[in-house]
Every structure is written in C-alpha cells, then in structure tokens.
Amino acid sequence: MSKCYNKLFVILIFVLAISSCKVDAPIYPEGAVPDFTNVGGGLSNATIEYTIDGQIKRFSTGFFQVIAPTVGLPDGNIQVAGGLDPNTAFSLSASTVVAGTVDADVILIGTLLGSGKVTFTQISTDNSGLKGTVKGTFTGKVVSLTDPGIEKDVSGSFSIKM
C-alpha cells in the first residue's frame, strides 16, 4: 500500500511542478538591450511515443525535469511528460539522474497507472535540471484507475531537447 502512496506522492509533486511553472517576462532598465543568447526553456525537439493495445500515440510536445539527489530523493529523480489531452497524456518518473536501465516508478497514461523499466540512453542537463536532453525507451504494465480489472502492456520511447 505504501508503494501506491509513494507513486501518488510523486505524481502530485509532478502535477504541482507543472501547474506552478510560469515564467514572467523580464523587466529591463530603460535603454538596456537584453541578451537573448542564453534563453532557456521551450519545448523544441520533443518526441514522445508509446504503444498500447497495438495503437501508437505520438506527441511532439513534451518536457522533462531532473531533480538532483537529496535526502528525500537519495537517487534523484527524472520526470518525463507529454501530451495535452488528459485522456492520452503521458508521464514517467524514475529514481535516477544517470543513464542506464532502472525501474520506472510511475508510468501514467490518461487514467492508466503502473510501473516498469526505463532505459535512459542520454541525460544531459544544466544545473537547473530543466534544460538539456533526455532520451530513452520504456516498457511496463499499467492498470485502469477507473476499472481496476483492466491491465495493459505499454512500451515506447522519448527524445526531448529543451
């Protein structure tokens, strides 16, 4: 039961992080010329794809965040998300900050929740954890939150450069 609470806690943090992200435009002194050579963020070059029930779903909008290891998250955490439709949106969370194969602690697709394995082939970020590149593949099993008797296999890949 505590594993379920841990998954829901990670999802809650993820949702709060997404919903609270709003970058205000900078205010420059009158006559100053802004330097736009180091502007971060954006959702360019994002591809997230998953297959479930033999159907492929692709997103060209996605984002990631890499959370450095701390006392609360001793191994750190990577969260990948994509899609705007709540019925098909994708989210994955894994306790790592280095490339390799690890457990996908949370895989959320619409109202399907589960876990599996994820292989991060590239993780390169700046100190913010929000700019860089994250690439990899994943497999897992998800169950319906609205009809717990339904279990499905899922597999896919992601490549996000921000």
Are [X] and [Y] close enough that some pair of their side-chain heavy atoms sits under 4.5 Å apart?
{"X": "N77", "Y": "S93", "value": "yes"}
{"X": "I107", "Y": "L113", "value": "no"}
{"X": "T125", "Y": "L130", "value": "no"}
{"X": "T96", "Y": "D75", "value": "no"}
{"X": "Q79", "Y": "F64", "value": "no"}

*Show your reasoning for whether side chain to side chain contact (heavy atoms under 4.5 Å, CB included) applies to T133 and I160.*
CA-CA 6 Å; T133 303; I160 304 171; over 6 Å; no
_Qualifying residues under side-chain contact (heavy atoms from CB on, under 4.5 Å), relative to K152, sequence neighbours excluded_ =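 K152: side-chain contact (heavy atoms from CB on, under 4.5 Å) contacts with I52, D53, L112, V142, I150.
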_All pairs passing salt bridge (charged side-chain N to carboxylate O under 4.0 Å, His left out) where residues 56-65 contributes a residue, at least two apart_ = E49-R58
*Could you grab the distance from atom NZ of K135 to atom OG of S157, nearest 0.5 Å is fine?*
11.0 Å
For the residue pair [X] and [Y], what are the closest heavy atoms and their distance?
{"X": "T61", "Y": "I48", "result": "O-CD1, 4.5 Å"}
{"X": "A94", "Y": "A104", "result": "CB-CA, 4.4 Å"}
{"X": "P74", "Y": "P69", "result": "O-CB, 3.4 Å"}

*Kindly work out whether a path of hydrophobic side-chain contacts (I/L/V/M/F/W/Y, heavy atoms less than 4.5 Å apart) joins L145 to V106.*
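Looking at the clustering, V106 is in the same group as L145.
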Taking only residues at least two apart or on different chains, which pairs with a member in [range] satisfy ring-ring contact (aromatic ring centres under 6.0 Å, His included)?
{"range": "residues 96-118", "result": "none"}
{"range": "residues 130-153", "result": "F90-F138"}
{"range": "residues 94-120", "result": "F120-F158"}

_K141 and D153 ion-paired at < 4.0 Å_ = yes
*asked:* side chain to side chain contact (heavy atoms under 4.5 Å, CB included) for K117 and D103? Distances and angles first, verdict last.
replied: CA-CA 5 Å; K117 290 285 185 188; D103 289 334; 2.7 Å; yes
*Side chains of D105 and S95: do they bring a donor and an acceptor to under 3.5 Å?*
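Their side chains do contain a donor-acceptor pair, which is all the 3.5 Å distance test asks for.
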Donor-acceptor contacts under 3.5 Å from residues 81-89 side chains, at least two apart:
unit_1: D85; atom_1: OD1; unit_2: N87; atom_2: N; d: 3.0
unit_1: D85; atom_1: OD1; unit_2: N87; atom_2: ND2; d: 3.4

*Quick one: do V118 and T101 satisfy side chain to side chain contact (heavy atoms under 4.5 Å, CB included)? Show the steps, please.*
CA-CA 6 Å; V118 59; T101 301; over 6 Å; no
*Please test T139 against V154 for side chain to side chain contact (heavy atoms under 4.5 Å, CB included), starting from the C-alpha separation and ending with a verdict.*
CA-CA 6 Å; T139 59; V154 62; over 6 Å; no
